[in-house]
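Structure record follows, encoded as structure tokens.
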Amino acid sequence: MKYKIDTPLTKYNAKEAIKYLFETENLTHQAIIIHQLNNFINDADVLIILRDYIYKNSYKIKKYSNSLDTCGTGGDGLKTLNISTTVALLLSSVDVPIAKHGNRAASSDSGSSDIIGKLNIKSEKNEYRLHQNMKKNKFTYLNAPLFYPDLAKVAQVRKLIQTKTIFNYMGPTLNPLGAKYQILGTINKSSAQIMTKILSRINLKSFSVFYSHDGLDEISLFSPTTFFTKNNKKINKKTVSHKFYNKYLNKIPNFKDIKGKLPEYNANRLIELFSGKKDTYRDMVIINSIYAMMIFKSKLKFNDCFEILTHSIDKGHALNHLEKLRK
């Protein structure tokens, strides 16, 4: 049955509506359907229908499952620096294999693809080169539209909408290399709960979904953060006070230090961090990296990870690694 744009979208006609969304070139119709789909953001069944449709039409490659992704939902609207991308690059400098999935900015000034481009790190599609990158460099960047052409079909309307949509929930569930480990930041409790349900259904080995109580989709230094972590097939929930990190910080947290701008600015700030600049951006990246590292290397403790990560930056390993990844 063909979907008619004046038909209210329900769980029962969601498949037809999603099919029409990707087939039509009418931006107004696309916006109407996305607006209606947003009403189902907390419905795991509709989210899985959308995910399965996008995956069905994807460019499929051989998996590299022993890897970690830092792709989050984004859309917090706070226009911070590209923290999850910086985390991914830092982790790969300490031998954590990173299959970083991402896209261009939809509701911010700089998405992960934007900053990766400014850093002159190539986005690969070729299966052989992707696997070689993982084996040699412990890092590869997976630009979502190269693998999921349906996402490119809604890129323009998402840019026009300029707010978080149901598509923010798709990227973290669609890693092209099938990464079995994930750390995933969301903007609130509801988002974290729904992403936990979805990740539980796609059979990851270990993951941590979190939200900060100040609205950041990163582990915050300004407020507590609540985690939903899967280890040994069980989901554990815990809340960590931001005050716990005080003894690991270089300075009193200053939100201005993590404010982002256009991709070129964000890329330069990342290079400054890897060159040794000590500010709140560095502290945020290290704390977020610690939790990601513990997901992949579960035997390591917080202090172990802190020492390894700070050593990589302070001894120039992270910067040398970054230069190796650049064209």
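Counting from 1, the numbers follow the sequence of the chain as shown.
- Although no hydrogens or angles enter the test, the distance criterion places a donor-acceptor pair under 3.5 Å between the side chain of D214 and the main chain of L216.
- The distance from the NE2 atom of H311 to the CZ atom of F306 is 13.0 Å, given to the nearest 0.5 Å.
- Looking only at atom types and distance, the side chain of S190 has a donor-acceptor partner in the side chain of N42 under 3.5 Å away.
- Looking only at distances, a side-chain donor or acceptor of D283 sits under 3.5 Å from a matching main-chain atom of N250.
- By the 4.0 Å N-to-carboxylate-O rule, E272 lies close enough to R269 to be salt-bridged with it.
- Cluster annotation: I5 and L160 are assigned to the same hydrophobic cluster (Ile/Leu/Val/Met/Phe/Trp/Tyr, side-chain heavy-atom contacts under 4.5 Å, transitive).
- E218 places no side-chain N or O within donor-acceptor distance of the main-chain N or O of N288, the cut-off being under 3.5 Å.
- Looking at heavy atoms from C-beta onward, N266 lies out of side-chain contact with L270 at the 4.5 angstrom threshold.
- For NZ of K197, the number of neighbouring non-hydrogen atoms (other residues, nucleotides, ligands) closer than 6.0 Å is 12 at most.
- Taking the charged nitrogens against the carboxylate oxygens, K277 and D257 have no contact shorter than 4.0 Å, which rules out a salt bridge.
- At a cut-off of 3.5 Å, with distance as the only test, a side-chain donor of Y169 or S191 sits close to an acceptor on the other residue.
- The number of heavy atoms from other shown groups lying within 6.0 Å of CG (N232) does not exceed 12.
- Counting only N and O atoms by type, the side chains of S206 and N231 include a donor and acceptor under 3.5 Å apart.
- If you take CG on N268 and CG on L262, they are separated by 11.5 Å, rounding to the nearest 0.5 Å.
- Between Y20 and I33, the closest side-chain pair of non-hydrogen atoms falls below 4.5 Å.
- Here the CD atom belonging to E16 is positioned 10.5 Å from the OG1 atom belonging to T7, to the nearest 0.5 angstrom.
- Nearest heavy atom pair, residue L184 against residue M195, reads CD1-CE, 3.8 Å.
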Inset, instruction - For the pair Y291 and F302, evaluate ring pair (Phe, Tyr, Trp, His ring centres under 6.0 Å) and give the outcome as yes or no after the intermediate values. - result: CA-CA 8 Å; Y291 283 96; F302 194 97; 5.7 Å; yes
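- The main-chain N or O of S220 is found under 3.5 Å from a side-chain atom of S212 such that the two form a donor-acceptor pair.
- Within a 6.0 Å radius of NZ in K19, no more than 12 heavy atoms belonging to other residues, nucleotides or ligands are found.
- The backbone N or O of L142 lies less than 3.5 Å from no partner atom in the side chain of E124, so there is not a single donor-acceptor pair.
- Side chain of T310 to main chain of E307: a donor-acceptor pair is present (N/O by atom type, distance under 3.5 Å, no hydrogens or angles).
- When all heavy atoms of T280 and N254 are compared, the pair lying nearest together is OG1-N, 2.9 Å.
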Inset, instruction - Kindly determine whether F22 and Y53 satisfy ring pair (Phe, Tyr, Trp, His ring centres under 6.0 Å), including the steps that lead there. - result: CA-CA 10 Å; F22 293 113; Y53 186 93; 5.4 Å; yes
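- In this structure, T80 OG1 and I258 CD1 are separated by 5.5 Å, a value rounded to the nearest 0.5 Å.
- Within the 4.5 Å cutoff, the side chain of I290 has no heavy atoms near those of the Y248 side chain.
- Salt bridge K62/E127: absent, no basic N to carboxylate O contact under 4.0 Å.
- Put simply, the side chain of K135 reaches to within 4.5 Å of the side chain of Y64, judged on heavy atoms.
- Surrounding NZ of K180 are more than 12 heavy atoms belonging to other residues, nucleotides or ligands, all under 6.0 Å away.
- Cation-pi geometry between K60 and Y55 is satisfied (NZ or CZ under 6.0 Å from the ring centre, within 45° of the ring normal).
- With N168 contributing its side chain and T73 its backbone, the two residues share a donor-acceptor pair below 3.5 Å.
- For the pair R326 and K118, the tightest heavy-atom approach, listed with the atom from each and the gap, is NH2-O, 4.3 Å.
- Considering all non-hydrogen atoms of both residues, I313 and R282 come closest at CG2-NH1, 3.4 Å.
- Counted within 6.0 Å of NZ on K205, heavy atoms from surrounding residues, nucleotides or ligands total 12 or fewer; the atom is thus considered open.
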Legend entry - Stepwise ring pair (Phe, Tyr, Trp, His ring centres under 6.0 Å) test for F222 and F255: CA-CA 8 Å; F222 306 94; F255 193 80; 5.7 Å; yes
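- In this structure, CD1 in I18 is found 4.5 Å from CG in L50, a value given to the nearest 0.5 Å.
- Contact check on D45 versus R201 returns a salt bridge, with a Lys/Arg side-chain nitrogen under 4.0 Å from an Asp/Glu carboxylate oxygen.
- Remark: the backbone N or O of L9 is not paired with any side-chain donor or acceptor of N13 at under 3.5 angstrom.
- No donor-acceptor pair closer than 3.5 Å links the side chain of S92 to the backbone N or O of P97.
- In terms of hydrophobic clustering, with Ile, Leu, Val, Met, Phe, Trp and Tyr side chains grouped at heavy-atom distances under 4.5 Å, F244 and V285 are assigned to a common cluster.
- A cation-pi arrangement is not found for K230 relative to Y181, the charged atom failing to lie both closer than 6.0 Å to the ring centre and inside a 45° cone about the ring normal.
- At a threshold of 4.5 Å between non-hydrogen side-chain atoms, the residues F139 and L325 count as touching.
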Legend entry - Derivation and outcome, side chain to side chain contact (heavy atoms under 4.5 Å, CB included), residues L47 and M170: CA-CA 8 Å; L47 284 164; M170 292 297 102; 3.6 Å; yes
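- Scanning both residues, F210 and I183, for their nearest heavy atoms gives CE2-CG1, 3.5 Å.
- Judged purely by distance below 3.5 Å, without hydrogens or angles, the side chains of T70 and S84 never pair a donor atom with an acceptor atom.
- In this model, a donor atom of one side chain and an acceptor atom of the other lie less than 3.5 Å apart for T226 and H213.
- Checked for salt-bridge contact, D150 and K153 meet the test: a charged N lies under 4.0 Å from a carboxylate O.
- The CG atom of L273 lies 11.0 Å from the NZ atom of K278; values are rounded to the nearest 0.5 Å.
- A side-chain donor-acceptor contact under 3.5 Å links T86 to the backbone of N82.
- A salt bridge links D43 with K11: the distance from a Lys NZ or Arg NE/NH1/NH2 to an Asp or Glu carboxylate oxygen falls below 4.0 Å.
- Within 6.0 Å of atom CD in Q156, 12 or fewer heavy atoms from other residues, nucleotides or ligands are found, so the atom counts as exposed in its surroundings.
- For Q162 against K159, the heavy-atom pair with the smallest separation is CG-O, 2.9 Å.
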Legend entry - Stepwise side-chain hydrogen bond (donor to acceptor under 3.5 Å, both in side chains) test for Y141 and H101: CA-CA 6 Å; Y141 184 73; H101 191 212; over 6 Å; no
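- Counting heavy atoms from C-beta on, the side chains of L322 and I121 come closer than 4.5 Å.
- In the model, S123 has no side-chain atom that pairs as donor or acceptor with a side-chain atom of N143 under 3.5 Å.
- Salt bridge annotation for K138-D95: absent, with no cationic side-chain nitrogen under 4.0 angstrom from a carboxylate oxygen.
- Considering only heavy atoms from C-beta on, D69 stays 4.5 Å or farther from I98 through its side chain.
- The local environment of NZ in K297 is crowded, with over 12 non-hydrogen atoms from other residues, nucleotides or ligands closer than 6.0 Å.
- Between P253 and Y245 the shortest side-chain heavy-atom distance does not fall below 4.5 Å.
- R51 and T173 are linked by a side-chain donor-acceptor pair at a separation below 3.5 angstrom, with hydrogens and angles left out of the test.
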